[in-house]
Amino acid sequence: MRRSAVRPILGAHPGLILAVLDLAGLAIAAYLSVVELQGGVPVCGPIKGCEEVARSEYSRIGGVPVAVFGVALSLVLLTLAVAWWRTDLYVLLLAHYGLSLAGVIFEAYFMYLQIFVIGAVCIWCASYGVSLIARFVIALVVWLRGQPAAVDSARP
Amino acid sequence: MARAQQPTPSRRERRAAERLDRPARSGSRSGATKRPVWRSPLVLVTAAALAIGAGIVAFALPSGGSGDTALFSPSTSYAADLVDAESLGADGAPVVMELYADFQCPACKLFAKEQLPRLLDEFVAQGTLRIEARDIAFLGRGSRDESLELAAGARCAAQQDRYWQFHDYVFWNQGRENRGDHSEAFIARVAAAAGVEKAAFDGCLAGSDVRASITGQTQAALASGVSSTPTLIVNGQSIVGVPQYDQLAGLIRQLAAAGSPTSSPGDAASPDDAGPTNVVAQPS
């Protein structure tokens, strides 16, 4: 099993940073899910747009609020980040990278819908998208710069 | 012949020796046994992620008016005793506002979403204001006039006293102008969401009278000087475009204090009418 020699970012293990970002994404998605499932609309404060996005037909996939999928994705990513942080198994980082990339693709599509179809932007959704992009970029950068130092774990 | 017995190397030692025998590497991806780039884990995972992402997007795409997906749900509800076909409010209301709108008009959408609910709460429910919808179809282009079809749908919904629900669903889900977004399937979905009984609605739409009546109303409105939407005629005073709500509310209060309406509903749309007095002009 391959382990990566991890270089810290800002003095912290990148897995820990990813886990913190995953937690932030999880909190956003959980809030949106609870509000949507209760039939309400998220509070946007002075920034308009949340209501329109929440009430649009694009806010659900197969009848399930998009935010619920965000919760599921964040939970999986959080698990991978923590597991990578604790084990340094690079396959976990790679999985985190792949899943966050898939999420970024959907976020890009959803942002397109908000801007060009719905005509309103939900700041919560945008924040989740930004956190997802950050997770994707960090995972990619860490993986790329960690490759030359990869070593085989010594397991008898 | 006796042979010197050598200790059996451990597995770790064998693997270390094997590594020494291999050609020198720089990193894990170079050297004689270098993998093709396309087989690197990063490329494979990226390709898989792109495929998964695209698959999710494809799955999430709306079904194009099949009726399976939810529409925007308007937040306004209408008390049955306030609704009479295309009118909203008490018969004896001192202020009557005629609302000229095209269902494809974005400014009309803005008015419907931002101001109509406030008027309903502040004036209609209090018996001060009655709103008379005057749908016109002048934005439609091409072989299928989407403005006309939407207005015809609204008129058919009005026959079941579901006009305002239909009205709100259309504006809350308004699509692009003359791009086919307001298809027959869209109108059917809106009607279903608005609680319209399907058989009677379909029967109404199948007739030609309903479209002729909308066309006639449009021509009458144009002849009376209505050339832009939304146009509000409040007790005979014309407001073109979407006004500031406070300005509109102030006018309604002023007219309510003055007494009964100065013109009966529908007069302004008559070709024989000299036209309303234009007191406010706001760009929409």
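The structure displayed is predicted, hence computed values, not measured ones. Below, chains carry the letters A, B, ... as their sequence lines are ordered, and counting in each starts from 1.
- Closest non-hydrogen pair, A:G98 versus B:A49, comes out as O-CB, 3.1 Å.
- How far CG of B:L50 is from CD1 of A:I105: 4.5 Å, rounded to the nearest 0.5 Å.
- Taking a 6.0 Å sphere around OH of B:Y245, one finds it holds more than 12 heavy atoms contributed by other residues, nucleotides or ligands.
- When side chains are defined from C-beta on, A:L140 counts as touching B:L42, because their heavy atoms get closer than 4.5 Å.
- The environment of B:E197 atom CD is dense: over 12 non-hydrogen atoms of other residues, nucleotides or ligands sit within 6.0 angstrom.
- Applying the side-chain hydrogen bond (donor to acceptor under 3.5 Å, both in side chains) criterion to B:N178, with sequence neighbours excluded, gives B:Q104.
- Between the CD1 atom in B:I52 and the CG atom in A:L99 there is a gap of 6.5 Å [rounded to 0.5 Å].
- Annotation: residues 124-133 of chain A contacts chain B through no residue [non-hydrogen atoms, separation under 4.5 Å].
- Within the 4.5 angstrom heavy-atom criterion, no atom of B:A51 approaches chain A.
- Side-chain contact between A:Y109 and B:I56 is absent, with no heavy atoms from C-beta onward closer than 4.5 Å.
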